[in-house]
Visitor: 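If you scroll down you'll find the structure; I have some questions about it.
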Amino acid sequence: MSDLAAPRKTHWFVKENAAGLSIQRAPKLNPEKTIAGAVGERFNEYRREWQRTETFSYVPDYPLHLDVDTNYTCNLRCSMCPHGAPGKAIKYEHRLLDFNLYWDVIRDGAEKGLAAVRLGMTGEPLLRRDIVDFVDAARQAGLVDIMLISNGMLLTPELSSRLIDAGLTRLQVSLDAVTQETYQKLRQGGCLETVKNNIEEFLKIRDGIKGKDIPVLRVSFVRTSVNAHEQDAFEDYWEPHANYVSIQEYADLVGTPESMALIPADRKVIDEFRCPDPFQRMALFVNGDLFGCCSDHGREYPWGNAFQDDVGAVWRSDTAERLRDLHVQGHWWRHPACRACGLASVARLPAGAD
C-alpha cells in the first residue's frame, strides 16, 4: 500500500457521531474557513444560520441543506448497509434520481434560502456518469456548499479534475480501516489501496495541478466491533493529509444478526438526545420523496414528494412541524423514524418512555 505525499499544511480534526452531533472538536485549521476564503461571505452567513438552528428554537423559511439520493445503487456490498444485506434495500421502480427534478428543486431552493447540498446517501454517486452535472448545476444555482460523499473506488484522476473544476466544496470519503484485511470485512468488493491511490491523485491534482484549496477532503471512520482496534492508527495516518477526520459511532441500518454484530461493546450513547436535522435539512430520495433528516430510516415516512409538492410548503407543513415539536420536547422516540435511528445509533430511551 503506497504512502501519500507529504502533507502541505496542518488540518482540522473532528470527531462526530452517526447522528451528526459533535462529540469533540480540536480545531487546528478550520476547513470551513478554507471554504469561506474560496466562496465568500455568503458561506459564513449560511453557517451562522445553521448554528441558529442548533438551538431548537429557530426554523428557517426553507431547508438550509439538501441531502440528495442521486442513485439508489452501489458498487460495494458493505456489511452495515442495506445494499449489503439481502432483502433490506427498498425496491424502487427507478433507482436514479431525475436530473430535471433535481435542477428544479435546487434552482427554486437557492432563491428561497437553500445554501448547501450533499450528493449521495445510501448509494454511490460516482456510479452516475452525469454526477459532475449535479455539481455544476448546484454551483450555477448559487449554492455555497456543494458536497459529495463516496467510497472512493471510482474517483479517477480525470473525475477528480472535473469535480474540482465544477465547484465541489467538500469531498467526503468513507474508509473505516487502515488495513485491507479489516477493510474487506466491512466494505465487500472494495480495495483500500485503490481508494488510497485515488485520494493521493485527488490531492496532487487539487494542490499541485489546480493550486486550489477546495474541495476540502474529509475521511471518515465508523467505529465497529471489527475495526475499533484500528481507530488510533487511522487518525494518525490521515490527520496530516485530510482537511478533517471524522470518527463516527456505528448506526445499525438493517437489523440483521450480521449488522448487529458490528456494534462495538463500548459504543457511546446519549441519554438526553435531540436531533437538529429537521430544523436544518431535508433529504430528496430517488423517487422524489422528502423527509427531514439524513437517515435511511426516514425513507419510510416521507413528508411529501417533490414531483407533486412544493418543497418549501413541505418544509413548513404540519407534519414537519409536529416532528420538530417532538424534538423540542425531547420526545424523539415518539416518531418511528427517529426512534429507529436513535436507538440504532447513539440514543437511549429515557426512563418512562412509551
Side-chain angles (χ1 to χ4, degrees), residues 39-40 42-43 45-46 49-50 53 59-73 90 92-150 162-163 165-170 172 215 277-296 298-321 323-324:
V39 174
R42 287 197 307 126
F43 178 85
E45 293 172 358
Y46 145 62
E49 193 167 12
W50 183 273
T53 64
V59 182
D61 293 333
Y62 200 92
L64 300 176
H65 173 105
L66 191 67
D67 286 294
V68 176
D69 213 13
T70 57
N71 52 293
Y72 197 63
T73 59
I90 292 176
Y92 287 113
E93 181 180 357
H94 302 289
R95 296 188 294 167
L96 300 180
L97 178 68
D98 183 274
F99 180 83
N100 291 326
L101 176 66
Y102 165 79
W103 173 237
D104 289 343
V105 168
I106 62 168
R107 182 176 53 184
D108 180 63
E111 297 175 354
K112 298 176 179 178
L114 181 66
V117 64
R118 184 171 70 170
L119 305 172
M121 291 189 65
T122 313
E124 172 49 56
L126 297 189
L127 282 170
R128 288 202 63 140
R129 296 181 180 180
D130 59 350
I131 191 61
V132 176
D133 294 337
F134 279 78
V135 176
D136 185 63
R139 180 187 56 81
Q140 290 187 41
L143 303 192
V144 297
D145 205 0
I146 306 167
M147 315 168 213
L148 185 147
I149 185 166
S150 171
R162 293 177 62 206
L163 289 170
D165 289 342
L168 192 68
T169 61
R170 306 189 202 222
Q172 303 173 342
D277 276 10
F279 299 78
Q280 301 168 334
R281 71 208 302 162
M282 276 207 301
L284 173 64
F285 299 126
V286 288
N287 65 343
D289 280 350
L290 298 160
F291 187 70
C293 83
C294 63
S295 170
D296 210 53
R299 291 181 187 275
E300 299 180 26
Y301 305 94
W303 288 351
N305 186 283
F307 278 112
Q308 293 89 34
D309 304 316
D310 176 78
V311 175
V314 172
W315 176 251
R316 297 314 300 255
S317 66
D318 290 343
T319 301
E321 294 294 351
L323 179 57
R324 294 187 189 106

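In this chain, numbering begins with 1 at the start of the sequence shown. Here the structure is a predicted model, which means the values were calculated and not measured.
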Visitor: Do L290 and L284 have side-chain heavy atoms sitting under 4.5 Å apart?
Guide: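 Yes, at least one pair of side-chain atoms sits under 4.5 Å.
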
Visitor: Using a strict threshold of under 4.0 Å (side-chain N to carboxylate O), is an ion pair present between D165 and R162?
Guide: no

Visitor: Looking at side-chain heavy atoms only, is the closest gap between H65 and W50 below 4.5 Å?
Guide: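 Of all side-chain heavy-atom pairs linking W50 with H65, at least one is under 4.5 Å.
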
Visitor: Indicate whether any N or O donor in one side chain lies under 3.5 Å from an N or O acceptor in the other, for Y102 and R107.
Guide: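 No, no side-chain donor-acceptor contact under 3.5 Å.
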
Visitor: Which pair of heavy atoms, one from T53 and one from P60, lies closest together, and at what distance?
Guide: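 For T53 versus P60, the nearest heavy atoms are CG2-CD, 3.8 Å.
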
Visitor: Heavy atoms, side chains only, cut-off 4.5 Å: are F291 and L323 in contact?
Guide: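 Result yes, sub-4.5 Å side-chain heavy-atom pair found.
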
Visitor: Is it the case that over 12 heavy atoms from other parts of the model lie below 6.0 angstrom from the CZ atom of R95?
Guide: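 Counting neighbours around CZ of R95, 12 or fewer heavy atoms of other residues, nucleotides or ligands fall under 6.0 Å, so no.
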
Visitor: Check A137 against W103 and note the closest heavy-atom contact, atom names and distance.
Guide: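 In terms of heavy atoms, the two residues are closest at O-CZ3, 3.2 Å.
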
Visitor: Among I146, V132, L119, which residue meets the side chain to side chain contact (heavy atoms under 4.5 Å, CB included) test with L163?
Guide: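 The side chain to side chain contact (heavy atoms under 4.5 Å, CB included) with L163 is passed solely by V132 among I146, V132, L119.
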
Visitor: For the atom pair CG (L148) and OG1 (T70), what is the distance rounded to the nearest 0.5 Å?
Guide: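 Nearest 0.5 Å value for the CG-OG1 distance: 7.5 Å.
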
Visitor: Report the residue from I106, L97, V117 that forms a side chain to side chain contact (heavy atoms under 4.5 Å, CB included) with F134.
Guide: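 The single option meeting the side chain to side chain contact (heavy atoms under 4.5 Å, CB included) with F134 is L97.
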
Visitor: Might you point out which heavy atoms bring Y46 and A115 nearest each other, and give the distance in Å?
Guide: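 Shortest heavy-atom contact: CD1-CB, 3.5 Å.
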
Visitor: Considering only NZ, NE, NH1 and NH2 on the basic side and carboxylate oxygens on the acidic side, decide whether D67 and R281 come within less than 4.0 Å.
Guide: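 Looking at R281 together with D67, the answer is yes, because their closest N to O distance falls below 4.0 Å.
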
Visitor: Please determine whether side chain to side chain contact (heavy atoms under 4.5 Å, CB included) holds for the pair F285 and Y72, giving the CA-CA distance in whole Å, both sets of side-chain angles, and the decisive distance to 0.1 Å.
Guide: CA-CA 8 Å; F285 299 126; Y72 197 63; over 6 Å; no

Visitor: Closest heavy-atom contact between L143 and A116?
Guide: CD1-C, 4.2 Å

Visitor: How about M121 and V286: do any of their side-chain heavy atoms sit closer than 4.5 Å?
Guide: no

Visitor: Do L64 and E49 come close enough that some side-chain heavy atom pair is under 4.5 Å?
Guide: yes

Visitor: Shortest non-hydrogen contact from A141 to A110?
Guide: O-CB, 3.2 Å

Visitor: Would you say the side-chain atoms of S150 and Q172 include a donor-acceptor pair closer than 3.5 Å?
Guide: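 Checked: S150/Q172 side chains show no N/O donor-acceptor pair below 3.5 Å.
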
Visitor: Would R118 and D145 pass as an ion pair if we require N to O under 4.0 Å?
Guide: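 Judged by the 4.0 Å cut-off on N to carboxylate O distance, R118 and D145 do not form a salt bridge.
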
Visitor: Quick one: closest heavy-atom pair of T169 and M147, and the distance?
Guide: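 Residues T169 and M147, closest heavy atoms: OG1-N, 4.4 Å.
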
Visitor: Salt bridge check: are R316 and D310 linked by an N-O gap of less than 4.0 Å?
Guide: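 Here R316 does not pair with D310 in a salt bridge, since their nearest N and O are not under 4.0 Å apart.
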
Visitor: Applying salt bridge (charged side-chain N to carboxylate O under 4.0 Å, His left out) to D69 and R299, what does each step give before you reach the verdict?
Guide: CA-CA 11 Å; D69 213 13; R299 291 181 187 275; 2.7 Å; yes

Visitor: Under a 4.0 Å threshold between the charged nitrogen and the carboxylate oxygen, would R324 count as salt-bridged to E321?
Guide: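 A salt bridge is present here (some side-chain N lies under 4.0 Å from a carboxylate O).
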
